[in-house]
Amino acid sequence: MTNLAAITPASPPLIARLARQAMIDEVCLTPKPGLVDRDNNGAHRDMDLALFMRSIAAIAPWFSQFYQLGFDHARRPASEMLAVIRPAGIACEQAMFSATAGVNTHKGGIFSLGLLCVAAGRLSATDSELTQRSLCRQVSEITHGLVARELVNRQRGSTAGERLYQRWQLTGARGEVESGFATVRQSVLPFWQAQQPGERRLHHALLRLMAVNPDTNLAARGGLHGMQFVQRYAQKLLQNGWDSAALEQMDRALIARNLSPGGSADLLAVAQVLAAFAP
Ligand SMILES: CC(C)(COP(=O)(O)OP(=O)(O)OC[C@H]1O[C@@H](n2cnc3c(N)ncnc32)[C@H](O[C@H]2O[C@H](COP(=O)(O)OP(=O)(O)OP(=O)(O)O)[C@@H](O)[C@H]2O)[C@@H]1O)[C@@H](O)C(=O)NCCC(=O)NCCS
Ligand SMILES: Nc1ncnc2[nH]cnc12
């Protein structure tokens with residue numbers, strides 16, 4: 001009698017399946033100002049939808065690994081977890097770069113969604129309930145002190161994020177995770193359930209993110225003026241109302257300025273994962 005458990009791969013944990021689906025739904029959302037979607041490549045000459053799908057296929061298996069690392073090391077203090085998971089995070093980045101021939105499609109997405117998977121593993125190992133609050137608190141505890149260690153106390157920046165901190169004190173993805181995804185919790189999740197599922201809810205969430213998020217991708221490409229241009233544009237659409245045509249016009253405006261809110265795209269995926277859990 002064949003032991004099916006021995007030959008059937010265990011299905012990925014829920015959070016890993018949610019993270020993969022959220023990445024797919026994000027890149028397929030169309031139109032998406034400045035970003036790759038089903039219609040165009042936004043402000044990118046080195047990326048398209050097919051490349052993003054290859055990137056997601058390479059990254060997705062790692063979400064289960066991140067969950068398992070959190071589960072297996074749940075007894076460690078949260079402060080020790082980054083050192084435990086970073087090698088896997090960097091290996092996942094390498095898998096992404098192999099699939100994309102060196103193009104950075106999801107470096108931020110790996111970091112943010114990977115930490116959510118680690119947090120879910122840690123909570124599950126201790127039979128703690130997975131809620132938006134418990135997941136975000138766990139991510140914040142794991143990354144406590146990250147901004148001070150890696151941005152404030154760093155002399156020279158080797159990455160865009162590090163250089164942007166030195167120039168404009170932007171804390172980027174590190175600041176967002178250390179805050180327990182405060183931008184997502186404050187600007188997106190309170191409005192999510194009141195809306196019908198579908199593209200309009202995702203568009204509304206993305207506009208709310210772009211309206212406030214200090215996205216280092218925008219600052220790297222267009223300076224603070226570029227970042228503020230996108231924030232004000234999104235704020236205006238939220239105030240005056242918007243439709244697909246307005247989003248397509250914003251897309252043209254951002255492409256013309258080489259602006260791509262990649263950080264907000266990542267946080268849209270984070271919001272979709274968190275929205276699957278009770279507050
Ligand atoms: C901790 C790191 C991930 C930090 O990396 P870095 O020092 O580069 O810091 P940031 O710039 O702050 O963040 C990197 C990416 O994070 C996204 N992001 C930006 N702002 C925010 C924000 N406010 N909140 C959340 N996330 C944010 C963004 O990623 C997306 O955009 C990239 C694609 O856009 P593009 O413009 O093409 O980017 P480039 O290719 O760089 O520019 P061009 O050359 O094309 O012009 C893509 O990454 C999206 O995901 C930022 O880019 C890192 O240092 C690290 O430690 N990594 C190891 C992994 C790890 O530790 N994992 C553990 C958990 S499993
Ligand atoms: N759809 C997208 N286009 C460009 N950069 C991104 N980073 C994450 N999602 C993205």
Side-chain angles (χ1 to χ4, degrees), residues 19 22-38 40-49 51-53 55-56 59 62-63 65-67 69-70 81-94 96-97 100 102-119 121 139 142-143 146-147 149-151 154 157-165 170-179 181-184 206 209-210 212-222 227 251 254 258-271:
M23 277 193 161
I24 292 169
D25 292 351
E26 178 279 304
V27 74
C28 290
L29 180 67
T30 301
K32 250 193 338 285
L35 295 160
V36 171
D37 59 33
R38 295 195 312 272
N40 65 46
N41 302 337
H44 297 273
R45 282 179 293 281
D46 58 352
M47 298 177 174
D48 60 14
L49 184 64
L51 187 77
F52 266 83
M53 288 305 188
S55 175
I56 293 166
I59 292 166
W62 287 90
F63 289 140
Q65 301 292 321
F66 297 140
Y67 173 90
L69 281 169
M81 285 309 296
L82 263 187
V84 170
I85 65 177
R86 215 140 211 183
I90 289 168
C92 178
E93 279 184 10
Q94 290 312 309
M96 172 194 76
F97 284 124
T100 63
V103 175
N104 169 20
T105 43
H106 287 112
K107 181 177 175 186
I110 291 168
F111 187 61
S112 293
L113 292 168
L115 281 164
L116 269 180
C117 291
V118 172
V139 168
I142 290 168
T143 57
L146 185 61
V147 168
R149 276 197 311 276
E150 296 192 1
L151 296 177
R154 186 179 293 266
S158 56
T159 66
E162 289 156 4
R163 289 192 294 274
L164 290 165
Y165 179 80
L170 297 177
T171 58
R174 292 180 180 84
E176 184 64 17
V177 297
E178 189 169 357
S179 75
F181 295 116
T183 305
V184 175
L206 181 60
L209 286 165
M210 290 195 288
V212 298
N213 185 31
D215 192 324
T216 58
N217 283 59
L218 293 173
R221 286 165 169 259
M227 187 177 81
D251 190 28
L254 266 62
N258 191 38
L259 293 172
S260 168
S264 291
D266 288 340
L267 292 184
L268 179 63
V270 167

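Hydrogens, waters and symmetry mates play no part in the numbers below; they use all other heavy atoms, side chains included. Note that the coordinates shown come from a computational prediction; the quantities given were computed from them, not determined experimentally. Order of appearance sets the numbers: ligands from 1, and atoms from 1 within every ligand.
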J.: Yes or no: does Pro214 have any heavy atom under 4.0 Å from an atom of ligand 1?
T.: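 Contact check Pro214 vs ligand 1: positive.
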
J.: Considering non-hydrogen atoms of the protein only, which is the closest contact for atom 26 (N) of ligand 1, and what is the distance?
T.: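 Ranked first by proximity to atom 26 (N) of ligand 1 is Ala173 CB, 3.6 Å.
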
J.: Is the shortest N/O to N/O distance between Asn104 and ligand 1 below 3.5 Å?
T.: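 Between Asn104 and ligand 1 (N or O atoms, distance only) the closest approach is under 3.5 Å.
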
J.: Calculate, to the nearest 0.5 Å, the distance between atoms CD and CD1 belonging to Gln65 and Ile85 respectively.
T.: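 It is 13.0 Å, given to the nearest 0.5 Å.
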
J.: With respect to atom 58 (C) of ligand 1, which of Glu93, His106, Glu150 exhibits the smallest heavy-atom separation?
T.: Glu93

J.: Under a 3.5 Å distance rule, please check whether Lys107 uses its side chain to pair with a backbone N or O of Met96 as donor and acceptor.
T.: no

J.: Which of the atoms of ligand 2 are close to Asp266, meaning less than 4.0 Å from one of its heavy atoms?
T.: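 The list of qualifying atoms is 8 (C).
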
J.: Only counting residues at least two apart or in another chain, list the ones meeting side-chain hydrogen bond (donor to acceptor under 3.5 Å, both in side chains) with Glu176.
T.: Thr183

J.: Name the option, out of Val139, Leu267, Thr216, that contains the heavy atom nearest to atom 10 (P) of ligand 1.
T.: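 Checking each option, the heavy atom nearest atom 10 (P) of ligand 1 is found in Thr216.
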
J.: Can you find a pair of side-chain heavy atoms, one from His44 and one from Phe52, that are under 4.5 Å apart?
T.: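 No. Closest side-chain heavy atoms not under 4.5 Å.
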
J.: Check this for me - ligand 1, Gly109, N or O atoms closer than 3.5 angstrom, yes or no?
T.: yes

J.: Show me which atoms of ligand 1 lie under 4.0 Å from any heavy atom of Gly262.
T.: 30 (C), 31 (O)

J.: Quick check: do Ile24 and Met53 have side-chain heavy atoms less than 4.5 Å from each other?
T.: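 The answer is yes; the side chains approach within 4.5 Å.
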
J.: Working to the nearest 0.5 Å, report the span between OG1 of Thr105 and CG of Asp48.
T.: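 Answer for the OG1-CG pair, Thr105 versus Asp48, is 11.0 Å.
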
J.: Do the side chain of Thr30 and the main chain of Arg38 share a donor and acceptor less than 3.5 angstrom apart?
T.: yes

J.: I'd like to know if the side chain of Thr171 reaches the main chain of Arg174, judged simply by a donor and an acceptor atom lying under 3.5 Å from each other, with no hydrogens or angles considered.
T.: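 Answer holds: no.
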
J.: Would you mind finding which of Val147, Asp266, Val118 brings a heavy atom closest to atom 49 (C) of ligand 1?
T.: Asp266

J.: Could you verify whether a donor N or O on one side chain and an acceptor N or O on the other, from Asp266 and Ser112, lie under 3.5 Å apart?
T.: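 No, because no side-chain N or O of Asp266 sits under 3.5 Å from a partner of the opposite role on Ser112.
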
J.: Which protein heavy atom lies closest to atom 1 (C) of ligand 1, and at what distance to 0.1 Å?
T.: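 Ranking protein heavy atoms by distance from atom 1 (C) of ligand 1, first comes Arg86 NH2, 3.5 Å.
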
J.: Evaluate the side-chain proximity of Ile110 to Trp62: yes if any heavy-atom separation is below 4.5 Å, no if none is.
T.: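 Result no, sub-4.5 Å side-chain heavy-atom pair not found.
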
J.: Between the candidates Met81, Arg45, Arg174, Met227, which shows the shortest non-hydrogen contact distance to atom 4 (C) of ligand 1?
T.: Arg174

J.: What protein heavy atom is closest to atom 23 (N) of ligand 1, reported as residue, atom name and distance in Å?
T.: Asn213 OD1, 3.0 Å

J.: Tell me whether Val36 has any N or O atom under 3.5 angstrom from an N or O of ligand 2.
T.: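 N/O-N/O distance under 3.5 Å: yes.
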
J.: Once you restrict to heavy atoms under 4.0 Å, what part of Thr159 touches ligand 1? Side chain, backbone, both or neither.
T.: side chain

J.: Counting heavy atoms only, which of Asn41, Asp37, Thr30, Thr105 comes nearest to atom 7 (N) of ligand 2?
T.: Thr105

J.: For ligand 2, which atoms sit closer than 4.0 Å to a heavy atom of Ala265?
T.: 8 (C), 9 (N), 10 (C)

J.: Run the numbers for me: atoms of ligand 1, each under 4.0 Å from some heavy atom of His44, listed by number.
T.: 35 (P), 36 (O), 37 (O)

J.: Kindly confirm or rule out an N or O of Ala160 lying under 3.5 angstrom from an N or O of ligand 1.
T.: no

J.: Among Ala220, Ala219, Ala91, Gly89, whose heavy atom sits nearest atom 62 (N) of ligand 1?
T.: Gly89

J.: Give a yes or no on whether the backbone of Tyr165 and the side-chain of Arg154 come within a donor-acceptor separation of less than 3.5 Å.
T.: no

J.: Quick check: do Asp46 and Thr100 have side-chain heavy atoms less than 4.5 Å from each other?
T.: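 The answer is no; the side chains never approach within 4.5 Å.
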
J.: When you measure from the side chain of Asp37 to the backbone N and O of Val27, does any donor-acceptor pair fall under 3.5 Å?
T.: no

J.: Have a look at ligand 1 and work out which part of Ser260, if any, has a heavy atom under 4.0 Å from it: side chain, backbone, both or neither.
T.: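 No part of Ser260 comes within reach of ligand 1.
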
J.: I'd like to know whether ligand 2 has Leu29 as a neighbour, heavy-atom separation below 4.0 Å.
T.: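 The answer is no, since Leu29 has no heavy atom less than 4.0 Å from ligand 2.
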
J.: Tell me if a side-chain donor or acceptor on Arg86 pairs with a main-chain N or O of Leu82 at a distance below 3.5 Å.
T.: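 Absent.
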
J.: Tell me, which protein residue and heavy-atom name are nearest atom 43 (P) of ligand 1, and how many Å apart are they?
T.: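 Here the nearest protein heavy atom works out to Arg221 NH2, 4.0 Å.
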
J.: Of Met47, Glu26, Met23, which has the heavy atom at the shortest distance from atom 9 (N) of ligand 2?
T.: Glu26

J.: Taking only residues two or more places apart in sequence or in another chain, which ones pass salt bridge (Lys or Arg N to Asp or Glu O under 4.0 Å) with Glu178?
T.: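 Applying salt bridge (Lys or Arg N to Asp or Glu O under 4.0 Å) to Glu178 gives none.
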
J.: Which residue and atom name correspond to the protein heavy atom nearest atom 8 (O) of ligand 1, and how close is it?
T.: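 The answer is Lys107 NZ, 3.5 Å.
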
J.: Answer whether the closest heavy-atom distance between the side chains of Phe66 and Leu115 falls below 4.5 Å.
T.: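 No, their side chains stay 4.5 Å or more apart.
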
J.: For atom 27 (C) of ligand 1, which protein heavy atom lies nearest, and how many Å away is it?
T.: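 The answer is Gly263 CA, 3.5 Å.
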
J.: Check each of Thr143, Asn217, Val270 against atom 36 (O) of ligand 1 and report the one with the nearest heavy atom.
T.: Asn217

J.: Please could you name the atoms of ligand 1 that Thr105 approaches to less than 4.0 Å, counting only its heavy atoms?
T.: 47 (C), 49 (C), 50 (O)

J.: Identify the protein heavy atom lying closest to atom 6 (C) of ligand 2, giving its residue, its atom name and the separation to 0.1 Å.
T.: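 In this structure, atom 6 (C) of ligand 2 has Phe52 CZ, 3.6 Å as its nearest protein heavy atom.
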
J.: Under 4.0 Å from atom 16 (O) of ligand 1, is there any protein heavy atom?
T.: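 Looking at atom 16 (O) of ligand 1, one finds that a protein heavy atom does lie closer than 4.0 Å.
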
J.: When you measure from atom 60 (C) of ligand 1 to every protein heavy atom, which one gives the shortest distance, and what is it?
T.: Phe111 CD1, 3.7 Å

